[in-house]
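Notes follow the structure.
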Amino acid sequence: MLLELGYETTAVHDTTRREAPVRRWLVMAATGCAATTVLTLATSGLLPGPTLTTAVSVVAMGLLVLAWLGLGRDLQHLTTRRLYAITAAWSVPLLAARPLFSNDVWSYVAQGLTAARGLDPYRLGPAQALDPSSEVVGHVSHYWLDTPAPYGPAWMLLSRLAGLVAGENLVLSVVLYRLLVVAGVVLIAWSLPFLARRSGTAAGTALWLGLANPLVLWHLVAGVHNDALMLGLMLAGMRLVLTGLETRPAHGRLAAGAGMITLAASVKIVAAAALLGLCLVAVRRCARPVPAIALMVSVFAAVTVILSALTGFGWVTAPFTATTSVYSWMSPTTLTGLLVGFFHSGLTASAVSAANLLGLIIATPVVIRLLLGLRDGMDPVRGIGLLFVVTLLASPVVQPWYLLWALLPLAASAAGDRAARPLVIFSAVTAMVLPPFVTGGVSLGIGYAAAVLALGAGLWMLRRTGRLLVLQTA
């Protein structure tokens with residue numbers, strides 16, 4: 001009887017241990033969905049005052065980050081289908097939110113409307129092209145009112161189409177741009193598992209660290225940034241090119257992959273770095289590298305010329321003149337110059353220029369070394385991710401969503417805890433730094449302080465009641 005009871009107790013205990021991770025990932029999935037729902041509602045104007053809105057929003061952000069970290073403990077129990085479903089559940093509430101973490105979508109709307117009216121968005125800013133009393137112009141950040149479009153011809157054609165369909169209807173405009181973002185996120189979801197397996201990384205790790213990452217939810221889904229489409233096209237193109245290089249090569253896949261990366265570069269030119277890296281990968285991976293490289297370069301040139309013929313070639317110089325008028329504190333080199341200017345205000349402009357130039361000088365040999373490494377057999381996914389890391393470190397302009405350029409390829413190549421841990425820490429910390437909307441310094445400080453106290457108190461209560469221990473137990 002004792003043996004029988006002991007056996008039953010052990011069996012119950014083993015069953016509980018097997019079911020605990022299942023219960024835990026379900027709790028994390030539900031917590032994340034509730035968090036993004038609260039964030040959507042809190043930022044919709046339902047709450048009185050910016051301080052309370054900030055506090056509730058930051059608590060919701062913290063809960064999502066905690067849910068994401070908790071989900072990472074149970075990846076062995078999560079299929080790719082479950083991870084897709086969880087990411088969708090976390091994203092759907094944000095699709096109904098107002099644009100968060102940035103107002104760039106209003107610039108997209110203004111530029112598309114400019115193009116739809118037959119004007120040149122590469123020459124005119126919203127204030128010059130549109131009626132200054134227009135509701136669209138009123139939503140554009142004052143930093144970009146006089147700034148022409150810095151984006152490539154593919155994006156400008158899509159923006160023009162959105163302008164023709166939506167006109168000055170702000171709600172419909174945001175819906176259309178969110179559809180483009182969703183298309184990009186779907187391409188990211190399609191590409192990451194293959195790129196992960198190609199780099200020796202578990203598909204679940206890449207989807208958790210890349211697709212379900214809070215930074216993707218904040219800046220692509222909620223922020224409505226065209227980086228979503230750029231990254232989706234780039235990663236999908238990388239998948240097709242790498243597949244093509246490994247099979248004979250398959251010139252159809254090489255051409256299709258190069259075409260997708262070209263479209264990505266026609267949204268934001270930085271995606272062209274991926275094609276450069278893959279051309280060097282072909283040197284070693286392809287039996288006949290010269291025809292393969294010539295095919296990819298020809299596709300890039302042909303698609304770029306065709307798209308530019310439809311929009312004009314103003315996009316070639318626009319990024320260099322449009323994005324340097326505002327100092328970017330997230331750029332390491334620009335921040336260095338600003339710190340010099342803090343002590344000697346008259347030297348700010350010169351110090352920033354000198355620091356940016358020094359960053360480019362230092363980055364050049366590093367980029368060359370990475371390119372040679374790609375030629376000599378470096379993992380192409382990781383190598384391209386590192387190229388973007390160096391680009392961001394040396395760039396005079398860095399925005400929070402730019403970090404995803406490097407993060408997504410590195411997530412796909414993060415084989416092992418040593419490679420993944422820095423990305424996890426970086427993502428969790430960065431996801432909490434930027435508030436979802438602009439408000440005054442006092443409201444922001446009090447709101448963040450209240451949110452930290454609320455989150456800390458909640459975790460303490462869970463630990464005190466033992467529920468946190470249950471969730472942490474495998």
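Values reported hereafter were calculated over all heavy atoms of this structure, with side chains retained and with hydrogens, waters and symmetry mates removed.
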Note to self: Applying salt bridge (charged side-chain N to carboxylate O under 4.0 Å, His left out), can you list everything that pairs with E168, at least two apart in sequence or on another chain?
What the structure shows: R117
Notebook entry, point to check: Once you round to the nearest 0.5 Å, how far does CZ of F194 lie from CZ of R197?
Noted result: 8.0 Å
Checklist line | Intermediate values then yes/no, side-chain contact (heavy atoms from CB on, under 4.5 Å), L371 and L276 | finding: CA-CA 8 Å; L371 293 174; L276 174 60; 4.1 Å; yes
Notebook entry, point to check: How many angstroms lie between CE in M234 and CG in D227, if you round to the nearest 0.5 Å?
Noted result: 10.5 Å
Margin query: Run the side-chain contact (heavy atoms from CB on, under 4.5 Å) test on L100 and L39 for me, step by step, so that the C-alpha distance in whole Å, both residues' side-chain angles and the decisive distance to 0.1 Å come before the verdict.
Written below: CA-CA 10 Å; L100 301 177; L39 180 60; 4.2 Å; yes
Checklist line | Trace of the side-chain contact (heavy atoms from CB on, under 4.5 Å) decision for V366 with R369 | finding: CA-CA 5 Å; V366 180; R369 179 67 187 89; 5.7 Å; no
Checklist line | Nearest-0.5 Å distance, CG of residue L83 to CG of residue L75 | finding: 6.5 Å
Next item on the list: State, with a plain yes or no, whether a side-chain heavy atom of H219 is found less than 4.5 Å away from one of P400.
Entry: yes
Item checked: Nearest atoms (heavy-atom pairs only) where F437 meets S57 -> CE2-OG, 4.0 Å
Margin query: What's the separation between atom CG in L455 and atom CG in L63, rounded to the nearest 0.5 Å?
Written below: 5.5 Å
Checklist line | Residue that, paired with V381, satisfies side-chain contact (heavy atoms from CB on, under 4.5 Å) out of L235, L192, L195 | finding: L195
Checklist line | Counterpart residues, salt bridge (charged side-chain N to carboxylate O under 4.0 Å, His left out), relative to R198 (two or more places apart) | finding: E246
Check: When you measure from the side chain of T36 to the backbone N and O of S91, does any donor-acceptor pair fall under 3.5 Å?
Finding: no
Next item on the list: Please answer whether the main-chain N or O of A431 pairs with a side-chain N or O of W218 as donor and acceptor at a distance below 3.5 Å.
Entry: yes
Check: Can you find a heavy atom in the side chain of V216 that is under 4.5 Å from one in the side chain of I188?
Finding: no
Check: Hey, mind stepping through V398 and W405 against side-chain contact (heavy atoms from CB on, under 4.5 Å) and telling me if it holds?
Finding: CA-CA 11 Å; V398 177; W405 304 351; over 6 Å; no
Item checked: Short side-chain donor-acceptor distance under 3.5 Å, N213 and W68 -> no
Notebook entry, point to check: Under 3.5 Å, side chain of T201 to main-chain N/O of A412, donor-acceptor pair present?
Noted result: yes
Checklist line | Non-hydrogen atoms of A415 and G200 that approach each other most closely | finding: CB-O, 3.4 Å
Notebook entry, point to check: Between S141 and N103, is any side-chain donor less than 3.5 angstrom from a side-chain acceptor?
Noted result: no
Notebook entry, point to check: Should T391 and Y402 count as side-chain neighbours, where that means a heavy-atom distance under 4.5 Å?
Noted result: no
Item checked: From I425, L407, L215, residue fulfilling side-chain contact (heavy atoms from CB on, under 4.5 Å) relative to T430 -> L215
Next item on the list: Please name the pair of heavy atoms, one in A394 and one in T333, separated by the smallest distance, quoted to 0.1 Å.
Entry: O-OG1, 4.1 Å
Note to self: Less than 4.5 Å apart, side chain to side chain, heavy atoms only: is that true for L403 and F426?
What the structure shows: yes
Checklist line | L338 to V352 - nearest heavy-atom pair and separation | finding: N-CG2, 3.9 Å
Check: Hey, does the side chain of R382 reach the backbone of S413 with a donor-acceptor pair shorter than 3.5 angstrom?
Finding: no
Check: So, the side chain of S395 versus the backbone of L392: is there a donor-acceptor pair under 3.5 Å, distance only?
Finding: no
Next item on the list: State, to 0.1 Å, how close T80 and A203 come at their nearest heavy-atom pair, and which atoms those are.
Entry: CG2-CB, 4.0 Å
Note to self: Measuring only between side-chain heavy atoms, which start at C-beta, is L161 closer than 4.5 Å to L157?
What the structure shows: no
Checklist line | Closest heavy-atom pair and its distance - A451, A55 | finding: CB-O, 3.5 Å
Notebook entry, point to check: Considering only heavy atoms from C-beta outward, does the side chain of S107 approach that of Y143 to under 4.5 Å?
Noted result: no
Checklist line | Atom pair CG (L179) and CG (L229), whose distance is rounded to the nearest 0.5 Å | finding: 11.5 Å
Check: If you measure from OG on S266 to CG on L233, what distance do you get to the nearest 0.5 Å?
Finding: 9.5 Å
Note to self: What I'd like to find out is whether the side chain of P380 reaches to under 4.5 Å of the side chain of R285, using heavy atoms alone.
What the structure shows: yes
Note to self: Is any side-chain heavy atom of V267 closer than 4.5 Å to one of Y151?
What the structure shows: no
Notebook entry, point to check: Is there a donor-acceptor pair under 3.5 Å between the side chain of S159 and the backbone N or O of G112?
Noted result: no
Checklist line | Sidechain-backbone polar pair: R160 side chain, T114 backbone, donor-acceptor under 3.5 Å | finding: no
Notebook entry, point to check: Which word best sums up how the rings of W106 and H139 line up, parallel for under 30°, tilted for 30 to 60°, or perpendicular for over 60°?
Noted result: tilted
Margin query: Give me each pair satisfying ring-ring contact (aromatic ring centres under 6.0 Å, His included) with a member in residues 158-180, each pair once, sequence neighbours excluded.
Written below: Y108-Y177, W155-Y177
Margin query: Between R239 (side chain only) and W190 (backbone N and O only), is there a donor and an acceptor less than 3.5 Å apart?
Written below: yes
Notebook entry, point to check: Is a side-chain N or O of Y448 found less than 3.5 angstrom from the main chain of V58, in a donor-acceptor match?
Noted result: no
Check: Does a donor on one side chain and an acceptor on the other come within less than 3.5 Å for S331 and T334?
Finding: yes
